[in-house]
Amino acid sequence: MRTTALTSGRAKPIVTRAPKRNDDRVILHFDYDCFYASVFENANPTLKGLPLGVKQKSILATCNYAARARGVKKLMLISEAQKICPDIVIISGEDLTPFRDASKKLWSVLRSHSWNGRVERLGLDEVFLDVTDVIAYNAELLNRNALQDSFFQLSRQDPEKGFSFDATRFFGCVHPSVEAKNVSILLDEPLYVRLLLASHLAGYLRHKLEEDFGYTSSGGISTNKVLAKLAGSVNKPKNQTALLGLRDADIQNFVDGHKLRQIPGIGSRMAQLIQDYVLSEDTTGDSHDLEIGAKVTVQDVRQHPDMSADLLERILDRPGAERGSGDKVWNLLHGVDTSEVKEASDVPTQISIENTYMSKPLNTPGEITRELHALATSLVRRMRIDLTATDEIDPSDPASQSGQQQRWIAYPKTLRLSTRCRPKPNSTPSNSTAESFSRNSRSQPLPSFVLNLRDESIEAIAEKLASEVLLPIFRRLNPERQGWNLALINICVTNMVMVADPNENGNGGGRDISRMFRTQKDKLREWTVYDPTHIQESPASTHTVHPEENADKAEEGEWDEDVGVIENPTVSSDPDADTWEDEEESQRCHLCGHAIPLFAMPAHERFHSIGD
DNA sequence: TTGGACGAG
DNA sequence: ATTTCTCGTCCAA
């Protein structure tokens with residue numbers, strides 16, 4: 001993993017060894033075929049077979065394979081696509097809602113087959129699964145005397161749950177290809193067996209996504225994320241590839257064949273720096289690029305004189321550079337990737353909404369206000385979709401008017417506004433990534449009225465958010481009186497705080513809605529502000545502050561910033577909770593249901609934050 | 001914590 | 001009519 005340095009009286013490494021791969025894991029990668037287009041095809045099957053393009057502003061975000069067969073490409077101008085393919089069907093994909101919904105649906109299926117909860121989404125159309133445990137279990141079960149009639153168990157509890165498969169062959173493609181006659185010998189190789197089993201699991205899941213929802217996908221099967229993803233690209237669409245790494249050379253040859261820029265984790269910036277270095281003594285000063293980092297292969301870089309992790313670190317070292325990127329890239333060039341598949345989480349770390357105004361930049365305060373308002377509306381809507389849950393309420397609960405209650409499962413503490421001014425019609429074309437491309441932003445705490453779920457409409461909240469909060473931030477960000485030439489506005493909420501799940505606290509226990517995903521519970525528990533059992537075990541060790549107590553202190557103008565332990569914010573059946581109920585100037589906290597006087601709300605909400 | 005750079009699709 | 005709409009991580013200040 002680490003490059004070794006043979007030092008002979010000198011400080012610098014003289015020999016750099018290739019990092020060693022770790023084949024302990026089994027990782028699957030799924031990539032839904034032309035996802036945006038598929039969403040529309042599935043919503044409207046008459047579109048299937050027609051050339052279809054999904055547009056955002058003036059470009060094609062993506063297109064289906066019928067369109068690609070006619071020469072249409074991703075990111076093409078609409079006008080260009082229509083010239084090539086006049087009968088192409090164009091649908092607007094500027095609203096991402098349908099894609100988000102479909103993505104979540106497919107993701108939840110994959111997630112339900114995970115035993116360890118490691119199910120990571122990358123964008124809307126890719127998913128990594130760490131299935132090491134599932135594969136290990138099935139490898140033990142494999143009966144080598146009846147390989148053709150094998151059964152893959154998807155559950156440890158229910159041995160009936162699973163599927164039949166033929167273990168004498170791989171599902172889908174393998175790379176590099178292997179002779180059929182070798183198969184029985186290779187069954188003594190544990191890695192081979194695990195990849196074989198994984199290919200059938202991947203095949204089963206891809207089949208299920210297609211059968212149940214109509215989405216075809218491409219799959220990659222390997223021992224880490226970067227290799228799984230690269231493997232998945234070998235046979236697209238509607239197919240999969242298991243990357244056999246029985247010999248180190250098989251992996252190295254596979255990775256070596258890629259252009260630098262094709263390696264996930266090496267972006268345009270790094271690719272440019274590395275390529276420039278590798279080509280520097282080479283000729284012509286001709287460094288103008290059609291595709292950045294597309295001139296040079298992994299092999300070219302690896303075999304360049306004196307190339308090493310340390311040298312890469314120096315090549316990539318610039319102000320603000322990530323430390324350790326030399327090692328990271330060196331590893332990637334050898335197919336080594338130690339990064340874990342992240343655990344599934346229901347809560348995003350940020351939600352942002354943006355719009356671009358390229359052809360018609362914004363200049364007047366009126367335009368700005370209108371756009372801020374539109375964006376604020378979408379943002380509040382998104383916050384409610386992604387950050388709240390709806391519980392069925394026990395009718396004996398005095399707080400319940402209807403049979404349902406919406407509550408935040410997490411809420412953001414920070415609001416940010418970003419803008420970008422229009423790239424000036426400037427003279428230096430090399431400037432295309434520099435100034436014209438950058439965003440500026442200002443942020444501040446998110447005001448609590450945005451979290452009001454009860455007595456203000458989304459519209460009212462958005463209105464207030466735009467005029468009373470976003471507009472002032474905008475003025476801070478853009479002090480000029482006018483002439484901004486705004487090409488982009490983005491508003492973002494971030495800095496999420498998890499809220500305890502009422503269904504999780506032991507008390508009463510009546511409505512423990514059985515959860516689909518155990519791992520989600522575990523994840524949540526980690527964030528639970530209050531755990532009754534824990535408090536009982538060590539009652540005296542920390543100072544417990546009750547919300548009412550603090551409301552009193554706040555009224556007197558006292559506030560203790562350093563609150564240690566927080567009273568359970570989820571107990572809404574507490575008889576004392578209604579203390580403020582009939583006061584005119586009070587409202588219920590949207591996080592815990594306690595009635596809190598308005599003046600104390602900001603303070604009260606700080607209770608729900610974790611850590612301080 | 002804030003604001004920006006860069007990575008991903 | 002060269003850039004869509006996001007989401008996540010990391011770094012310096």
Side-chain angles (χ1 to χ4, degrees), chain A residues 29 31-32 34-36 54-62 74-83 92-97 99-100 103 120-128 225-226 229 233 261-273 290 292-293 316-325 328-329 332 339 342 345 347-360 375 378-379 382 386 413-420 422-423 425 429 431-445 473 476-477 487-496 611-612:
Chain A
H29 178 255
D31 187 336
Y32 314 134
C34 43
F35 180 58
Y36 285 11
V54 180
K55 118 187 146 87
Q56 286 173 331
K57 294 285 159 31
S58 61
I59 60 160
L60 270 194
T62 191
K74 280 198 254 189
L75 302 183
M76 206 173 236
L77 288 176
I78 300 293
S79 52
E80 205 178 338
Q82 282 169 328
K83 195 155 54 181
S92 167
E94 281 153 39
D95 179 1
L96 302 185
T97 308
F99 312 136
R100 264 187 218 111
S103 178
E120 181 180 349
R121 258 198 308 177
L122 187 53
L124 294 177
D125 69 336
E126 294 183 36
V127 177
F128 288 101
K225 290 197 337 177
V226 81
K229 176 160 176 160
S233 305
R261 191 50 232 280
Q262 295 182 278
I263 306 300
I266 302 180
S268 53
R269 197 71 183 86
M270 282 180 167
Q272 186 67 54
L273 290 168
L290 295 176
I292 290 164
L316 300 172
D317 184 36
R318 78 214 111 98
E322 195 177 334
R323 49 165 174 114
S325 44
K328 202 185 82 177
V329 169
L332 290 175
S339 65
K342 291 192 201 56
S345 165
V347 177
T349 66
Q350 61 174 251
I351 298 173
S352 72
I353 303 286
E354 72 184 33
N355 204 351
T356 51
Y357 317 94
M358 234 111 2
S359 43
K360 190 195 171 305
L375 293 171
S378 304
L379 183 69
R382 277 286 304 287
D386 290 349
K413 280 191 306 197
T414 306
L415 174 70
R416 175 164 58 233
L417 174 74
S418 311
T419 60
R420 188 176 75 218
R422 183 154 79 160
N431 207 357
S432 58
T433 42
E435 182 182 341
S436 65
F437 208 39
S438 74
R439 296 172 171 205
N440 300 317
S441 68
R442 294 293 179 268
S443 52
Q444 65 165 57
I473 301 177
R476 194 147 54 92
L477 177 59
L488 173 143
I489 301 179
N490 177 100
I491 52 181
C492 172
V493 287
T494 183
N495 222 333
M496 300 296 178
D612 295 320

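Labels below follow one simple rule: chain letters A, B, ... track the order of the sequence lines, proteins then strands, and each chain is numbered from 1.
Within the 4.0 angstrom heavy-atom criterion, no nucleotide atom of any strand lies near Lys225(A). Counting non-hydrogen atoms under 4.0 angstrom, Leu96(A) reaches the backbone sugars and phosphates but no base. Among the heavy atoms of the strands lying under 4.0 Å from Arg323(A) are primed sugar atoms or P, OP1, OP2 only; no base atom is included. Contacts of Asp31(A) with the nucleic acid, taken as non-hydrogen atoms under 4.0 Å apart, are absent. Within the nucleic acid shown, Ile351(A) comes within 4.0 Å of sugar-phosphate atoms alone, with no base atom in reach, counting heavy atoms only. Among the atoms of the strands shown, none is found under 4.0 Å from any heavy atom of Leu75(A). Within 4.0 Å of Ser79(A), counting heavy atoms only, lies no atom of the nucleic acid at all. Counting non-hydrogen atoms under 4.0 angstrom, Ile489(A) reaches nothing in the nucleic acid. Note on Gly265(A): only backbone sugar-phosphate atoms sit closer than 4.0 angstrom, heavy atoms only; bases stay farther off. Ile78(A) comes within 4.0 angstrom of nothing in the nucleic acid, heavy atoms only. Residue-level contact check: Glu354(A) touches the bases, meaning some heavy atom is under 4.0 Å from a base atom. Nucleic acid contact for Glu80(A): none, since no nucleic acid atom lies under 4.0 Å from a heavy atom of the residue.
Dashed line: the shortest gap from a side-chain N or O of Arg100(A) to OP1 or OP2 of dT6(C) is under 4.0 Å. Considering only side-chain N and O atoms, Thr349(A) lies under 4.0 angstrom from the phosphate OP1 or OP2 of dG8(C). For dG4(B), one of the phosphate oxygens OP1 or OP2 lies less than 4.0 angstrom from a side-chain nitrogen or oxygen of Asn440(A).
The CE-P distance, from Met496(A) to dG8(C), rounds to 8 Å in whole Å. Between the CG atom of Leu60(A) and the P atom of dT2(C) there is a distance of 16 Å, given to the nearest Å. Rounded to whole angstrom, the span from the CD1 atom of Ile59(A) across to the C1' atom of dT2(C) amounts to 9 Å. With rounding to whole Å, Arg420(A) atom CZ is found 9 Å from dT3(C) atom P. Rounded to whole Å, atom P of dC5(C) lies 13 Å from atom CZ of Arg382(A). Rounding to whole angstrom units, CG of residue Asp95(A) and P of dC5(C) are separated by 11 Å.
Checking dA1(C), dG7(B), dC7(C) against the side-chain heavy atoms of Ser352(A) singles out dC7(C) as nearest. Of all nucleotides listed (dG9(B), dG3(B), dT4(C)), dG3(B) comes nearest to the side chain of Arg442(A). Of the candidates dG7(B), dT3(C), dT9(C), the closest approach to any side-chain atom of Lys342(A) belongs to dT9(C). Of the candidate nucleotides dG3(B), dA1(C), dA8(B), dG3(B) has the atom lying nearest to any side-chain atom of Ser443(A). In the set dC6(B), dT4(C), dT6(C), dC6(B) carries the atom at the smallest distance from any side-chain atom of Arg318(A). Distance from the side chain of Glu322(A) is smallest for dC11(C) among the nucleotides dG4(B), dC11(C), dG9(B). Among dT9(C), dG3(B), dA1(C), the nucleotide with an atom closest to any side-chain atom of Gln350(A) is dT9(C).
Residue Leu415(A) holds its CG atom at 7.5 Å from CG of Leu379(A), rounded to the nearest 0.5 Å.
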**OP:** Begin from the C-alpha positions of Gln56(A) and Leu96(A) and carry the test side chain to side chain contact (heavy atoms under 4.5 Å, CB included) through to its verdict.
**Re:** CA-CA 10 Å; Gln56(A) 286 173 331; Leu96(A) 302 185; 3.6 Å; yes
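Summary of the strand contacts: Leu77(A) and Gly324(A) both lie near DNA chain C, and taking for each the nucleotide with the nearest heavy atom, the more 5' one is attributed to Leu77(A). Comparing Asn355(A) and Pro348(A) by the nucleotide of DNA chain C whose heavy atom lies nearest to each, the residue mapping closer to the 5' end is Asn355(A).
A salt bridge links Glu354(A) with Arg439(A): at least one charged nitrogen is closer than 4.0 Å to a carboxylate oxygen.
The gap from the C1' atom of dT3(C) to that of dC6(B) amounts to 16 Å, rounded to the nearest Å.
Residues passing the side chain to side chain contact (heavy atoms under 4.5 Å, CB included) test with Thr414(A) are Ser443(A), Thr494(A), Asn495(A), sequence neighbours excluded. Take Phe35(A) and apply the ring-ring contact (aromatic ring centres under 6.0 Å, His included) test, not counting sequence neighbours, and it matches Tyr32(A), Tyr215(A).
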